[in-house]
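Residue indices begin at 1 and follow the sequence shown.
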Amino acid sequence: MNSSKHTELANHAWSVADLLRGDYKQSDYGKVILPFTVLRRLECVLEPTRDKVTAVAEQYKDTDIDPDDWLRRASGHSFYNKSNLTLKKIAADPQNAAKNLMVYVAAFSDNARGVLERFEFAQQVKRLDTAGLLYLVIGKFTDLDLRPETVPNHNMGYIFEELIRRFAEQSNETAGEHFTPREVIKLMVNLLIAPDGDALTVPGTVRKVMDPACGTGGMLSAAEDHILSLNPDAAVEVYGQELNPESWAICRSDLMIKGQDPENIAFGNSFSDDGHARRKFDYLLANPPFGVEWKKVKEDVEYEHRSLGEAGRFGAGLPRINDGSLLFLQHMISKMKPVDVHGGGGSRIAIVFNGSPLFTGAAGSGESEIRRWILENDWLEAIVALPDQLFYNTGISTYFWILTNRKSPEHKGKVVLLDARDQWQKMRKSLGDKRKELGKEHIATVTRLYGEAIAVAQDPEHPLHGKVKVFSNDAFGYQRITVERPLKLRFEVTEETLAALESSKVIQKLPQASIMLDAFGSMKVRRWNTKSEAWLALKDAVIEAGSTWPTGAPFNKALRDAIGVRDPEGEVQVVKGGPEPDPELRDYENVPLGEDVEEYLKREVHPHVPDAWIDHSKTKVGYEIPFTRHFYVYEPPRPLAEIDAELKALEAEIQGLLGEVTE
């Protein structure tokens, strides 16, 4: 089925909007169109065995036997409808349309009925009936041909996605939260599964695939199709979890129609209510929402982090509250199969991220610690940079992260960075923020380049050599050192320092504060180069005024903080036998992991500030992946003469246009 046919069928379904206009807001059209499309699809799939199912239902009607298994067998699917009603029959009886439609829906098996309930279908039926629109809407859908022989399962996904995209546009939602462009999924699945091509052709192959943010199930379908293309006899089980009820319902109905177990698609939040706890999978893939905060599940996530640590999903660290991307990745890693002693087992992961997870967070932060955990465990196989303007709801640059706990020998201890940002073609018509797409040749090129990445990186003569770089895991690590410089002070009694003393809470508590301040104010010499000189003179002035000199560390600190003035030529202050660091001069440096920090200090810092030192107690190890820096190519500015000539040409053009206006 070509794309024009998808659009034609989607247009037919969406034409119901003409009936709804006035009684429904535009943002509510999808609440009617999506569930009726699902209902019509279920009806079309069950049509060939309807008579057989109703006969079985009639046979067991007056018995105590639960005929569920027999009805499933009769329908040939994991779901059924035991009513002899159809949408066409219901539309033909307008006065009883609402009652008959609910009888029809109630006759579905529990799993199919549960899908429609997620759409709040009963409420929409009541609303349509009250508005006198129900039989008209039903009539529209009786003409929609969604039989499997006309619309194969794979193509039905395109129709649902087109409807959701329109629904999202009308309601100002982000369609990209519900599904991912199919050509992006195709490339993602290629990179995820291609390295296992030979293993997947073995007879009796069984693979479990999981998407923790599955939307309408496009990624799961693509992964299943890819595996079956390599081995039609393989057994592929797909699992997912989805928070949006409409997307969950569509994904679940899609699985029912394909003969998969719809119970494998859990509803709810993957972080707070893991629908697949303790399960492990061969392949995991996801396109989680970009930059979405996890405040709603903060309590659950933090509790698991604290109480379970590394035994839980989030032991490595917690990212900042406004972006849960790295929580999804940790969740997926927790579901990798362990590698057995013979090198078997293990899993592969593919996830779509924006640029933030590459570098957000300094050393010691949650994000950095998560990257550190991944790299030090040697799970990150590659990062692939994609073109911008590739997704429906954002024009920003995106990346595939590919991870596995069973790297091939040539990949062990290494990470591949692959720049595919120039692999795109312009779309004939933009869809939201999506203005670019991956053509078949682009997908083929990137897939091939990914498989040959190590060899291409080692071959300077390869035409795509500049698009691939390979690094050791520790190349992304660094030591964040704290560079201290000594606090240097001279000491002065001025109006400003006296005011600072007077406002000090420590000084205010002294019984002799006013006498002391008057004594300081009457001194003839008010500037000293060293603390000992200053304290001796100040003490004499206080005693001469008939008072006593206060003692104790708080007083001495308050006095020094008030009358001490920073001076590059001043006296170095000493604490515990060593120079006291000046917080205002404190600096931080990132030193590559493995490099001697003292040597770095001598080479990079001492030529400029010879009295600096490193506070080793504050050193932290961090990890970041500066992708764009590694692929940056310097482009020199154009010659000034060329720019000047262009400006003069523009000036002449403007003058000519102005002349035409004034004539």
>> Testing the 3.5 Å rule here: is there a donor-acceptor pair between the side chains of D68 and Y80?
In response: yes

> Any idea which heavy atoms bring R72 and F79 closest together, and the distance?
Replying inline: NH1-N, 4.2 Å

> Any sub-3.5 Å donor-acceptor pair from T404's side-chain atoms to S347's backbone N or O?
Replying inline: yes

> How about K280: does its NZ atom have over 12 heavy atoms from other parts shown lying under 6.0 Å from it?
Replying inline: yes

> Under a 4.5 Å cut-off applied to non-hydrogen side-chain atoms, are I370 and P319 in contact?
Replying inline: yes

>> Strictly below 4.0 Å, N to O, side chains only: are R50 and E47 in salt-bridge contact?
In response: no

> Do the charged groups of D129 and K126 touch, with an N to O distance under 4.0 Å?
Replying inline: no

>> Between the side chains of K140 and D18, is the shortest nitrogen-to-carboxylate-oxygen separation below 4.0 Å, so that they form an ion pair?
In response: no

> In Å, rounded to the nearest 0.5 Å, how long is the span from CD1 of I227 to OG1 of T201?
Replying inline: 12.5 Å

>> Minimum heavy-atom separation for C44 and P148, please, with both atom names.
In response: O-CD, 4.0 Å

> If we ignore angles and hydrogens, is there a donor and acceptor under 3.5 Å between the side chains of S356 and N354?
Replying inline: no

> Can you name the nearest heavy-atom pair linking V352 to P288, along with the distance?
Replying inline: O-CD, 3.6 Å

>> To the nearest 0.5 Å, what is the distance between NZ on K89 and CG on L101?
In response: 14.5 Å

>> A quick test of your reading: do over 12 heavy atoms of other residues, nucleotides or ligands sit less than 6.0 Å from CD of Q95?
In response: no

> Is the cationic atom of R127 (NZ for Lys, CZ for Arg) positioned less than 6.0 Å from the six-membered ring centroid of Y24 and within 45 degrees of its normal?
Replying inline: yes

> Is the backbone of L163 close enough, under 3.5 Å, to the side chain of W14 for a donor and an acceptor to pair up by distance?
Replying inline: no

> Under 3.5 Å, side chain of Q260 to main-chain N/O of V236, donor-acceptor pair present?
Replying inline: yes

>> Tell me the closest heavy-atom pair linking S83 and A107, and the distance in Å.
In response: CB-CB, 3.5 Å

> Does the side chain of R21 reach to within under 4.5 Å of the side chain of Y29, using non-hydrogen atoms?
Replying inline: yes

> Do any N or O atoms from the side chain of Q330 and from the backbone of G317 form a donor-acceptor pair under 3.5 angstrom?
Replying inline: yes

> With respect to M219, which candidate in L192, V238, D211, V184 satisfies the side-chain contact (heavy atoms from CB on, under 4.5 Å) definition?
Replying inline: D211

>> For a side-chain contact (heavy atoms from CB on, under 4.5 Å) check, start with the C-alpha distance between L318 and L327, then their side-chain angles and the critical distance, and finish with the verdict.
In response: CA-CA 7 Å; L318 300 180; L327 289 181; 4.1 Å; yes

> Looking at residues at least two apart in the chain, or sitting in another chain, which of them share a ring pair (Phe, Tyr, Trp, His ring centres under 6.0 Å) with F353?
Replying inline: W401

> To the nearest 0.5 Å, what is the distance between CG (L380) and CD1 (I402)?
Replying inline: 9.0 Å

> Can you list the residues that meet the side-chain contact (heavy atoms from CB on, under 4.5 Å) rule with N190, with sequence neighbours excluded?
Replying inline: K186, H226, I443, T447

> Can you list the residues that meet the ring pair (Phe, Tyr, Trp, His ring centres under 6.0 Å) rule with W294, with sequence neighbours excluded?
Replying inline: none

>> Are there over 12 heavy-atom neighbours, none belonging to D198, within less than 6.0 Å of that residue's CG?
In response: no

> In this structure, which one of D233, L200, D196 forms a side-chain contact (heavy atoms from CB on, under 4.5 Å) with T205?
Replying inline: L200

>> Using the side-chain contact (heavy atoms from CB on, under 4.5 Å) criterion, which residues pair with D143? Sequence neighbours excluded.
In response: H12

> Which atom pair, heavy atoms only, marks the closest approach of S78 to P262?
Replying inline: OG-CD, 4.1 Å

>> Taking CH2 in W70 as the centre, count heavy atoms belonging to other residues, nucleotides or ligands within less than 6.0 Å. Is the count above 12?
In response: no

>> When you compare the side chain of M256 with that of L42, does any pair of heavy atoms fall below 4.5 Å?
In response: yes

> Are any of the side-chain nitrogens in D69 or R73 under 4.0 Å away from the carboxylate oxygens of its partner?
Replying inline: no

> Backbone N or O of G268 within a donor-acceptor pair of the Q241 side chain at under 3.5 Å?
Replying inline: yes

> Would you say the side chain of P245 lies within less than 4.5 Å of the side chain of F119, judging by non-hydrogen atoms?
Replying inline: no

> Would you call M427 and Q389 a side-chain contact if the rule is heavy atoms closer than 4.5 Å?
Replying inline: no

>> Is it the case that over 12 heavy atoms from other parts of the model lie below 6.0 angstrom from the CD atom of E310?
In response: no

> If every non-hydrogen atom of A13 is compared with every non-hydrogen atom of L144, which pair is closest and at what distance?
Replying inline: CB-CD2, 4.2 Å

>> Would you compute the distance between atom OG of S109 and atom NE2 of H77 and round it to the nearest 0.5 angstrom?
In response: 11.0 Å

> Is N405 reaching over with its side chain to a backbone N or O of P338, donor-acceptor style, under 3.5 angstrom?
Replying inline: no

>> Within this structure, what is the CG-CG distance for the pair L255 and N153, rounded to the nearest 0.5 Å?
In response: 10.0 Å

> Charged N to carboxylate O under 4.0 angstrom, R118 versus E242?
Replying inline: no

> How many angstroms lie between NZ in K88 and CD1 in I138, if you round to the nearest 0.5 Å?
Replying inline: 14.0 Å

>> Between F160 and V38, is there a side-chain heavy-atom distance shorter than 4.5 Å?
In response: yes

>> Please check this pair: side chain of E162 against backbone of A10, looking for a donor-acceptor N/O pair closer than 3.5 Å.
In response: no

>> Suppose we screen for ring pair (Phe, Tyr, Trp, His ring centres under 6.0 Å). Which residues come up paired with F328, at least two apart in sequence or across chains?
In response: F271

> Yes or no on side-chain contact (heavy atoms from CB on, under 4.5 Å) for L128 and L20, after CA distance, side-chain angles and deciding distance?
Replying inline: CA-CA 9 Å; L128 289 167; L20 303 178; 3.7 Å; yes

>> If the condition is ring pair (Phe, Tyr, Trp, His ring centres under 6.0 Å), which residues does F36 pass it with, not counting sequence neighbours?
In response: F121, F141

> Using 4.0 Å as the upper bound for N to carboxylate O, is an ion pair formed by K31 and E120?
Replying inline: no

> Hey, is NZ on K258 packed in by over 12 heavy atoms from elsewhere, all under 6.0 Å?
Replying inline: yes

>> Run the side-chain contact (heavy atoms from CB on, under 4.5 Å) test on Y104 and L87 for me, step by step, so that the C-alpha distance in whole Å, both residues' side-chain angles and the decisive distance to 0.1 Å come before the verdict.
In response: CA-CA 9 Å; Y104 182 44; L87 290 178; 4.1 Å; yes

> Under 4.5 Å between any side-chain heavy atoms of E437 and P181, yes or no?
Replying inline: no

>> I want to check something: taking the side chain as every heavy atom from C-beta on, are I164 and L34 in contact at a cut-off of under 4.5 Å?
In response: yes

> Counting N and O atoms only, with roles assigned by atom type, does the side chain of K296 sit under 3.5 Å from a partner on the main chain of N269, one being a donor and the other an acceptor?
Replying inline: no

> Quick check: does any side chain N or O of K434 sit under 3.5 Å from a backbone N or O of L390, one acting as donor and the other as acceptor?
Replying inline: yes

>> Name the residue from D282, L220, I193, L284 that meets the side-chain contact (heavy atoms from CB on, under 4.5 Å) definition with V209.
In response: L220

>> Tell me whether D145 contacts the main-chain N or O of R147 through its side chain, where contact means a donor paired with an acceptor under 3.5 Å.
In response: yes

